[in-house]
Number of protein chains: 2
Amino acid sequence: MAPWGERLAGVRGVLLDISGVLYDSGAGGGTAIAGSVEAVARLKGSRLKVRFCTNESQKSRAELVGQLRRLGFDISEGEVTAPAPAACQILKERGLRPYLLIHDGVRSEFGQIDTSNPNCVVIADAGESFSYQNMNNAFQVLMELENPVLISLGKGRYYKETSGLMLDVGPYMKALEYACGIKAEVVGKPSPEFFKSALQAIGVEAHQAQ
Amino acid sequence: MAPWGERLAGVRGVLLDISGVLYDSGAGGGTAIAGSVEAVARLKGSRLKVRFCTNESQKSRAELVGQLRRLGFDISEGEVTAPAPAACQILKERGLRPYLLIHDGVRSEFGQIDTSNPNCVVIADAGESFSYQNMNNAFQVLMELENPVLISLGKGRYYKETSGLMLDVGPYMKALEYACGIKAEVVGKPSPEFFKSALQAIGVEAHQAQ
């Protein structure tokens with residue numbers, strides 16, 4: 001126990017990733033990664049504060065948490081930091097009305113957002129919704145703007161499903177960047193602001209976190 | 001006439017682009033750009049050698065030429081340098097068996113190519129065939145190769161159809177480059193080899209061409 005004890009000296013909180021760390025997504029709700037249900041339970045039983053910090057952008061937090069609970073995890077919606085709510089805050093603050101290139105599963109997170117006459121594009125892990133038609137719609141919205149704003153929920157290259165590797169949002173973000181000659185603003189990991197907001201939610205400073 | 005005469009001194013051949021120069025593609029075969037039918041006729045009536053050099057990769061040369069002839073152009077299949085035949089030559093020389101991420105309209109150009117058990121990916125302007133499923137298939141083929149080879153027919157950002165701007169192959173090439181951490185080999189403009197092969201076809205040196 002000594003090495004762990006030393007390593008955790010001064011640590012007050014832990015940020016946990018979800019996809020690929022707690023579970024692998026896939027058909028039928030995916031599968032828990034061996035030992036992860038018990039590890040979460042042990043952390044939550046300890047003196048440490050725990051926050052779940054994910055780039056999951058195919059599902060709403062409600063859906064994600066439901067799925068994890070069915071796999072046996074002790075987790076609630078209020079314990080999750082996810083990019084869609086963070087993006088909504090940015091959209092509101094800056095008066096942006098997005099064209100949403102997103103999966104239907106996460107659309108409910110944007111329920112309070114005005115999407116009429118778009119003046120930006122929000123791109124997330126849209127899966128099958130990454131059709132040529134939808135990509136071209138997003139492209140055309142951006143090309144008609146004087147100052148094109150592209151907000152990307154993460155920039156992951158791919159993720160693992162139980163059926164194999166799947167393209168994540170990053171490649172499609174790069175496609176629109178190249179097509180329009182612009183640079184996307186990334187909301188989610190690895191953006192420092194995103195980690196900060198997760199830590200703020202549990203009242204822990206960066207140097208006190210693992 | 002003097003400036004043109006001077007400018008053309010020593011010029012023996014002309015390379016002509018097609019899409020966006022001779023015509024704009026679109027529904028019903030597209031439309032000829034004003035003056036272009038006459039310009040081609042005049043060039044072909046002159047002492048200059050003429051070669052058509054296109055990055056068109058949605059259609060076979062036969063289909064493209066048929067469309068242009070219907071618009072009034074004097075053009076035959078043998079006068080066109082296009083990326084699909086150039087790619088086929090590379091595939092044969094290097095013993096490559098491609099997964100084809102292409103438009104059905106250009107598939108006939110690859111009729112003689114072995115596509116079993118793919119050991120590379122060829123990407124072209126696939127239009128609606130740029131589905132998530134097809135992109136993910138190409139991605140998975142590349143990720144399973146020890147030395148992933150991605151051959152892209154051009155790297156254009158977008159092109160103009162009569163109905164508006166359309167995403168070209170370049171953005172999708174960038175998406176796969178980013179997803180796999182690789183660099184594509186571009187066949188077609190602006191590759192110098194591609195221009196050289198067009199000039200060779202009319203027996204003209206680079207310094208003698210416009």
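Convention: sequence-line order gives letters A, B, ...; per-chain numbering from 1.
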What I want to find out is whether B/Arg51 reaches B/Glu79 closely enough, with some N-O distance under 4.0 Å, to be called a salt bridge.
no

Contact part of A/Gln140 toward chain B, heavy-atom cut-off under 4.5 Å: side chain, backbone, both or neither?
side chain

Who wins among B/Leu165, B/Asp168, B/Asn134 for the most heavy-atom pairs under 4.5 Å with chain A?
B/Leu165

Only pairs of heavy atoms separated by less than 4.5 Å count here; which of A/Gln133, A/Met135, A/Met173 has the most with chain B?
A/Met135

Charged N to carboxylate O under 4.0 angstrom, B/Glu56 versus B/Lys59?
yes

Parallel, tilted or perpendicular for A/Phe130 and A/Tyr172, by the 30°/60° rule?
parallel

salt_bridge(A/Lys174, A/Glu177) N-O dist < 4.0 Å:
yes

So for B/Met143, is it side chain, backbone, both, or neither that comes closer than 4.5 Å to the heavy atoms of chain A?
side chain

